[in-house]
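Just so you know, residue 1 is the first one in the sequence shown, and it goes up from there. Indexing begins at 1, ligand by ligand and atom by atom, following the structure's order. From a predicted model like this one, the values you see are computed outputs, not experimental measurements.
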Amino acid sequence: MKLYLNATSPFSRLAVVAAKLTENLPLSLTWVEPWENPDSLLAVNPLGQIPALELDEGAISESLAICQYFQMAGQEQRLSLPQSSQEFTQLGLAKGLMELSFRFVALSRFHPQAGTLHQRSLDGVSRAVVRLNQDWHQQPWPPQTSLSQLVLLVALDYLQLRLPEQHQQVTPELTSWCAEHPLQPALQHVSLEWLATQPAVIS
Ligand SMILES: N[C@@H](CCC(=O)N[C@@H](CS)C(=O)NCC(=O)O)C(=O)O
C-alpha cells in the first residue's frame, strides 16, 4: 500500500504516526504537492487532498479513515478507538482544531489579505483551546495511546508551529501532559525534520 503525503501537512503526520504505531504494515511513502494537482494523486483521491492511501483494491482519503484502516490492517493495535462520549468529544474537538488551524494557514498562503474566514478560523481555534483547557482542568485525562489523544497531540504541535500566539493560550498543565504522553516517542520519531527528508518507508 502507498501513502501519498507531504512533509508539512499535519493530516499526513497523523497518518504516518498511526502507521508507525501498527509496526509491520507493507507501506511505502509517495511524496506529492497536492496544490499542484499531480495526476498520480488525483487518480487515487478525486478530492485532490493528502493524505491518501492507495490499496490494491481501491483507495482511502481522509486522515481519520486512514488511521482507522491502519488499526484494522495492522497486527498490533496500539491506538484504541473512542470508547466513551467524552473521547468522541475530544476526537472531534482535536480534529476540528487541526482543520481550522490548517484552514487559517492555507488562507494566509492563498489569500494573504485578512478576511472573514481568516478571523473565523482564528476565533474557532481560540475557543477550542479554551475548551480543551477547561476539560483538562475539570478532569485531567490519563495518558492513553488512543486515536483521540494522538489527534490532539498532532493538532497542538501544529498549532505551536504555525499559530504560536494561539498556542500560548494552552495551559502549562495541558502542555506538560502532552510532553509526558506515552505517544511522544512515536511523534518525535515522525518529526518535521524526518518528514523533510522524504523517506520512502517508515523506519
Ligand atoms: N479532512 C482532511 C484534510 C486534508 C487536507 O486538507 N490536506 C491538505 C494538505 S495539509 C491538502 O491536501 N490540501 C489541498 C487541497 O485542499 O486542495 C483530512 O483529515 O485528511
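Applying side chain to side chain contact (heavy atoms under 4.5 Å, CB included) to L21 and the options L147, L79, V190 leaves one that passes, L79.
In this structure W31 satisfies the ring-ring contact (aromatic ring centres under 6.0 Å, His included) test with no other residue, sequence neighbours excluded.
Residues D123 and Q119 have side chains that bring a donor and an acceptor to within less than 3.5 angstrom of each other. Side chains of Q188 and Q184: a donor on one and an acceptor on the other come within 3.5 Å.
K20 contributes a side-chain N or O that, together with a main-chain N or O of S203, makes up a donor-acceptor pair within less than 3.5 Å. Under a 3.5 Å cut-off, the side chain of H118 and the backbone N or O of F104 do not form any donor-acceptor pair.
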Between ligand 1 and the protein, find all N/O pairs closer than 3.5 Å and give the distance for each.
residue: ligand 1; atom: 1 (N); partner: E62; partner atom: OE1; Å: 2.8
residue: ligand 1; atom: 1 (N); partner: E62; partner atom: OE2; Å: 3.2
residue: ligand 1; atom: 1 (N); partner: E99; partner atom: OE2; Å: 2.7
residue: ligand 1; atom: 6 (O); partner: Q49; partner atom: NE2; Å: 3.4
residue: ligand 1; atom: 7 (N); partner: I50; partner atom: O; Å: 2.8
residue: ligand 1; atom: 12 (O); partner: I50; partner atom: N; Å: 2.9
residue: ligand 1; atom: 16 (O); partner: Q49; partner atom: NE2; Å: 2.9
residue: ligand 1; atom: 19 (O); partner: E62; partner atom: OE1; Å: 3.4
residue: ligand 1; atom: 19 (O); partner: S63; partner atom: N; Å: 3.4
residue: ligand 1; atom: 19 (O); partner: S63; partner atom: OG; Å: 2.6
residue: ligand 1; atom: 19 (O); partner: K95; partner atom: NZ; Å: 2.7
residue: ligand 1; atom: 20 (O); partner: S63; partner atom: N; Å: 2.8
residue: ligand 1; atom: 20 (O); partner: S63; partner atom: OG; Å: 3.4

